[in-house]
Asks: 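The structure follows.
Letters go in sequence order (proteins before strands), and every chain restarts at 1.
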Number of protein chains: 2
Amino acid sequence: MAGKVKTRDRILQTSLALFNQEGEAQVSTVDIAAVMGISPGNLYYHFRGKEVIIEALFDDFEEEMRQVLSAPIKRPLDIEDNWIFVYILFEEINDFRFFYYGLASVLERCPNLRPRFARLLKLKQDTVDAILTALEKGGLITFGPGEQDALATRLAAHLTFWLQYRDLTAPAQSSRTIINDGVYSTMIQIAPYIAGDRAPYAALLTEYFKKQR
Amino acid sequence: MAGKVKTRDRILQTSLALFNQEGEAQVSTVDIAAVMGISPGNLYYHFRGKEVIIEALFDDFEEEMRQVLSAPIKRPLDIEDNWIFVYILFEEINDFRFFYYGLASVLERCPNLRPRFARLLKLKQDTVDAILTALEKGGLITFGPGEQDALATRLAAHLTFWLQYRDLTAPAQSSRTIINDGVYSTMIQIAPYIAGDRAPYAALLTEYFKKQR
DNA sequence: GTCTATAAATGGATAGAC
DNA sequence: GTCTATCCATTTATAGAC
């Protein structure tokens with residue numbers, strides 16, 4: 001009993017790893033079974049097909065993302081809190097990056113995931129917007145008309161696709177480095193809206209950036 | 001003779017359209033031939049496989065992108081010039097969006113495209129950087145240390161993935177609208193670095209934004 | 001729960017007639 | 001250049017034994 005991982009869970013783990021490595025479209029159910037050392041028939045006993053596996057993985061992803069996005073930040077004005085928040089967000093996306101990397105393929109195979117995926121992005125954007133509101137209320141930043149909304153949208157998009165961009169332009173780096181890079185490039189986008197002198201904020205970020213390496 | 005499009009070109013056109021619509025991984029050579037109303041054998045006479053088609057499409061894409069990116073902007077300080085430049089860039093990306101949408105799949109099938117794709121992104125980033133330099137030299141914007149580099153990277157990433165993000169969060173819009181939206185959200189990111197009052201710049205952009213709809 | 005064997009479907013690719 | 005016919009490989013999916 002102790003330590004024994006159920007086959008069902010092993011299938012999900014293996015599928016996720018393979019999908020992230022090679023892309024969902026390149027991995028067949030036979031591949032998954034072969035890597036695990038089980039028979040295709042056994043795999044089909046647990047999941048009736050690849051769609052079902054993908055949907056189960058999305059369930060996991062959605063649950064974790066909702067958990068992360070709904071966890072309120074204790075001290076919104078504290079840089080460290082926001083740093084950690086963005087870091088965790090990137091880690092979550094990185095863990096399920098095959099969804100983003102082969103989106104067309106995934107949504108074609110599982111059309112019912114499209115609205116769910118869209119809702120998740122919307123939730124991300126709303127969360128970012130709420131944090132910006134808190135920062136403005138706290139007097140740390142100030143916005144002109146329409147600027148907050150534009151920044152929230154932009155940051156959500158940045159959070160969504162940065163890892164992919166980085167992976168393309170500077171491959172062969174550890175995911176640790178890429179994520180850290182992503183957090184910095186996210187947080188630094190707030191700098192221009194700092195009320196008053198933005199240099200100290202930038203300096204603080206650079207400090208964190210170095211520490212995390 | 002006149003008006004007759006060669007089969008080879010029709011294959012490329014049809015493939016591009018199908019890839020953009022359904023994703024490269026979901027479209028087989030048989031599908032392409034069927035849609036065109038020709039036989040699979042005929043298709044194979046012109047292209048020895050799907051890889052060859054994809055690579056031919058990338059050749060087109062690369063050539064057009066290089067052309068766009070190397071065309072010097074006449075008046076870098078003029079908003080209209082930059083607006084048009086970004087617009088054309090987005091249009092180009094939109095025309096070949098299957099490369100971005102199903103990147104994992106494409107690069108898995110044609111590994112030799114990876115470095116070429118990466119070089120193209122790099123060129124994009126360098127071009128953006130050059131424009132920013134011109135703007136700063138012209139006295140329109142000012143940067144703190146490291147800010148220009150960060151902005152150039154960010155803008156390049158934004159240019160690369162914005163359409164995809166928009167398509168997910170607000171689907172069923174005309175590509176015209178999505179692109180226009182993208183141009184605005186790109187240009188507005190420069191606003192915080194405007195030397196002096198940034199309100200006039202933002203107002204001008206909003207003006208263009210409305211005009212283009 | 002797990003295996004073997006196999007069916008059914010699809011996609012990639014080629015030979016040879018027209 | 002184009003078609004028909006066909007073959008091979010891969011993938012999905014199921015039946016039945018252990």
Side-chain angles (χ1 to χ4, degrees), chain A residues 1-58 98 102 104-113, chain B residues 1-58 98 102 104-113:
Chain A
M1 294 278 183
K4 182 154 197 316
V5 183
K6 290 195 191 76
T7 300
R8 198 197 126 89
D9 292 331
R10 283 182 57 225
I11 292 175
L12 289 179
Q13 287 168 14
T14 308
S15 301
L16 180 56
L18 287 177
F19 289 164
N20 281 338
Q21 269 167 44
E22 330 223 344
E24 174 268 328
Q26 275 66 44
V27 179
S28 71
T29 52
V30 181
D31 292 332
I32 299 168
V35 168
M36 291 178 62
I38 67 170
S39 67
N42 191 5
L43 189 144
Y44 268 82
Y45 169 79
H46 291 282
F47 294 96
R48 291 205 335 273
K50 217 163 75 162
E51 296 88 26
V52 192
I53 295 180
I54 294 174
E55 280 168 21
L57 286 173
F58 189 84
F98 82 92
S105 179
V106 171
L107 295 184
E108 186 74 15
R109 197 181 283 274
C110 312
N112 56 316
L113 287 189
Chain B
M1 294 276 181
K4 181 153 198 316
V5 184
K6 289 195 192 75
T7 301
R8 199 197 125 90
D9 292 331
R10 284 182 55 226
I11 292 174
L12 289 179
Q13 288 168 13
T14 308
S15 301
L16 179 56
L18 287 177
F19 289 165
N20 281 338
Q21 269 167 44
E22 330 224 343
E24 174 269 327
Q26 275 66 45
V27 178
S28 71
T29 52
V30 182
D31 292 332
I32 298 169
V35 168
M36 291 178 62
I38 67 170
S39 68
N42 191 4
L43 189 144
Y44 268 82
Y45 169 80
H46 292 281
F47 295 95
R48 288 204 339 272
K50 214 163 79 163
E51 295 88 28
V52 192
I53 295 179
I54 294 174
E55 279 167 22
L57 286 174
F58 188 84
F98 83 91
S105 178
V106 171
L107 294 184
E108 185 75 14
R109 197 180 282 274
C110 314
N112 56 316
L113 288 189

Asks: Between B:N42 and D:dC3, does any side-chain N or O lie under 4.0 Å from OP1 or OP2?
Replies: yes
Asks: With sugar-phosphate meaning primed atoms plus P, OP1 and OP2, does B:G49 contact a base, only sugar-phosphate, or nothing at under 4.0 Å between heavy atoms?
Replies: sugar-phosphate
Asks: Would you kindly give the CZ-to-P distance between A:R8 and C:dT2, to the nearest whole Å?
Replies: 13 Å
Asks: Quick one: which of C:dG1, C:dT14, D:dT12 gets closest to the side chain of B:Y44?
Replies: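 Nearest to the side chain of B:Y44 among the choices is C:dT14.
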Asks: Check this one for me: any side-chain N or O of B:T29 less than 4.0 Å away from OP1 or OP2 of C:dG12?
Replies: yes
Asks: What is the separation between atom CD1 on B:I32 and atom P on C:dG11, rounded to the nearest whole Å?
Replies: 11 Å
Asks: Starting from P on C:dA15, measure out to CG on B:L43 and report it in whole angstrom.
Replies: 17 Å
Asks: Could you check which of D:dT2, C:dG12, C:dT2 has an atom nearest any side-chain atom of A:H46?
Replies: C:dT2
Asks: Quick one: pull up CD1 in A:I53 and CZ in A:R8 and give me the separation to the nearest 0.5 Å.
Replies: 9.5 Å
Asks: From the options D:dC3, D:dT2, D:dT12, select the nucleotide whose nearest atom is closest to the side chain of B:T7.
Replies: D:dT2
Asks: Please find the pair of heavy atoms, one from B:M36 and one from B:T7, that lie closest to each other, and give the distance.
Replies: CE-O, 4.2 Å
Asks: Just how far, in rounded Å, is C1' of D:dT12 from CD of A:E24?
Replies: 14 Å
Asks: With a 4.5 Å limit on heavy-atom distance, are the side chains of B:F19 and B:V106 in contact?
Replies: no
Asks: Categorize B:S39 for me: base, sugar-phosphate, or nothing, with a 4.0 angstrom heavy-atom threshold over every strand shown.
Replies: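 Base contact - B:S39 has a heavy atom under 4.0 Å of at least one base atom.
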Asks: Starting from the 5' end of DNA chain D, give me the residue, A:Y45 or A:Q26, whose nearest nucleotide shows up first.
Replies: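 The residue mapped nearer the 5' terminus is A:Q26.
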Asks: To the nearest Å, give me how far apart CZ (B:R10) and C1' (D:dG1) are.
Replies: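 Nearest whole value for this atom pair: 13 Å.
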Asks: When you measure from the side chain of B:R109, which nucleotide among D:dT12, C:dC3, C:dG12 comes out closest?
Replies: C:dG12
Asks: Output the rounded distance in Å from CD1 (A:I38) to P (C:dA5).
Replies: 17 Å
Asks: Is there a donor-acceptor contact under 3.5 Å linking the side chains of B:S39 and B:N42?
Replies: no
Asks: A:I53 CD1 to D:dT11 P: how many Å, rounded?
Replies: 14 Å
Asks: What is the minimum heavy-atom distance between A:E24 and A:F98, and which atoms define it?
Replies: CB-CD1, 3.9 Å
Asks: What is the distance from NZ of B:K6 to P of D:dT2, rounded to the nearest Å?
Replies: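 Going from B:K6 (NZ) to D:dT2 (P), I get 11 Å.
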